[in-house]
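Report on the following structure.
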Amino acid sequence: MAVTVLNHSLIKHKLTNIRRKETKTKDFYQNVSEIAGLMAYEITRDFPLKEVEIDTPICKTIQYELGNDIVIVPILRAGLGMVDGIRSMIPTAKVGFVGLYRDEETLEPHEYYAKFPDTIADSIVLLVDPMLATGGSAIAAISMLKNRGCTNIRYVGLVGAPEGVEALSQAHPDVDIYLAALDEKLNDKGYIVPGLGDCGDRLFGTK
Ligand code: PRP
Ligand code: URA
């Protein structure tokens, strides 16, 4: 298991935009999407390639394509904000969905939806969710993916709390974790500090 906090000036700049409380839905969504695209570019840097023979207008040549199918799995709702940005980098990626909400009192995740491509077990899965707080949602989502046979799963989040990173690493030590930022802590309501507030509400304008 590895925890990677992507150190990139553009990512830091865009994260500052979404942390600002004045940032409104349209700009919030755009920045989340762009950060996700930049993260995908970095994370896929060493994904396996396969050789393919093609014809250029000039001659035959051996070149390279991605060696595995890639499936993006957002945890609803907030994970949806990351999908378009990653698809702009990997347009061949398929998309599955996990619906989970966190009980506001207990902070326990509750499953309400799951839909995956048939080929998911043989694919590299990018599980995406902007917020890794207690880690409960990510842990539950990864268990759902493993129950469907997935063995190659990466967790991609924007902002993580140390508590969530620790819990996720303990529960699923085989899953690499990628974050745009590792914040200080959780507050007594389970929100990340300094964080960016309720990501789902800010993405979809629901509060
Ligand atoms: C948020 C967030 C994560 C989860 C993180 O979702 O998008 O899925 O909380 O918290 P955890 O690490 O403590 O599980 P929420 O349950 O608020 O649902 P929403 O995306 O529909 O708003
Ligand atoms: N979910 C959010 O949207 N924000 C947090 O800070 C924690 C969980």
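Both ligands and their constituent atoms are indexed starting at 1 by order of listing.
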- Do Arg102 and Tyr191 meet the cation-pi criteria used here (NZ or CZ under 6.0 Å from the six-membered ring centre, within 45° of the axis)? yes
### Message
My question is simple, although I want it checked carefully: is atom 6 (O) of ligand 1 less than 4.0 angstrom from any protein heavy atom?
### Response
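Within 4.0 Å of atom 6 (O) of ligand 1, no protein heavy atoms are found.
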Would you say [X] contacts ligand 2, with heavy atoms under 4.0 Å as the rule?
| X | value |
| --- | --- |
| Gly197 | yes |
| Arg102 | yes |
| Ala161 | no |

Closest protein heavy atom (residue, atom, distance) for [atom]:
| atom | result |
| --- | --- |
| atom 17 (O) of ligand 1 | Asp198 OD2, 4.4 Å |
| atom 22 (O) of ligand 1 | Arg77 NH2, 2.8 Å |
| atom 15 (P) of ligand 1 | Arg102 N, 4.1 Å |

Where ligand 1 meets Met131 - atom numbers and elements under 4.0 angstrom, heavy-atom basis:
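Close to Met131: 2 (C), 3 (C), 5 (C).
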Original post:
Is a side-chain donor or acceptor of Thr44 paired with a backbone partner of Ala40 at a separation under 3.5 angstrom?
Top reply: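 Answer holds: yes.
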Is it true that a side-chain atom of Arg202 and a backbone atom of Ile18 form a donor plus acceptor pair closer than 3.5 Å? yes
message = Is Gly135 close enough to touch ligand 1? Criterion: a residue heavy atom under 4.0 Å from a ligand atom.
response = yes
So, is [X] polar-close to ligand 1, with some N/O to N/O distance under 3.5 Å?
| X | answer |
| --- | --- |
| Leu132 | no |
| Ser137 | yes |
| Ile75 | no |

Could you name the option among Thr134, Leu203, Thr206, Asp129 that has the heavy atom nearest to atom 8 (O) of ligand 1?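 Looking at heavy atoms only, the winner is Asp129.
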Q) Which bit of Ala133 is near ligand 2, meaning a heavy atom under 4.0 Å away: side chain, backbone, both or neither? A)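 It is the side chain that gets close, since no backbone atom is under 4.0 Å.
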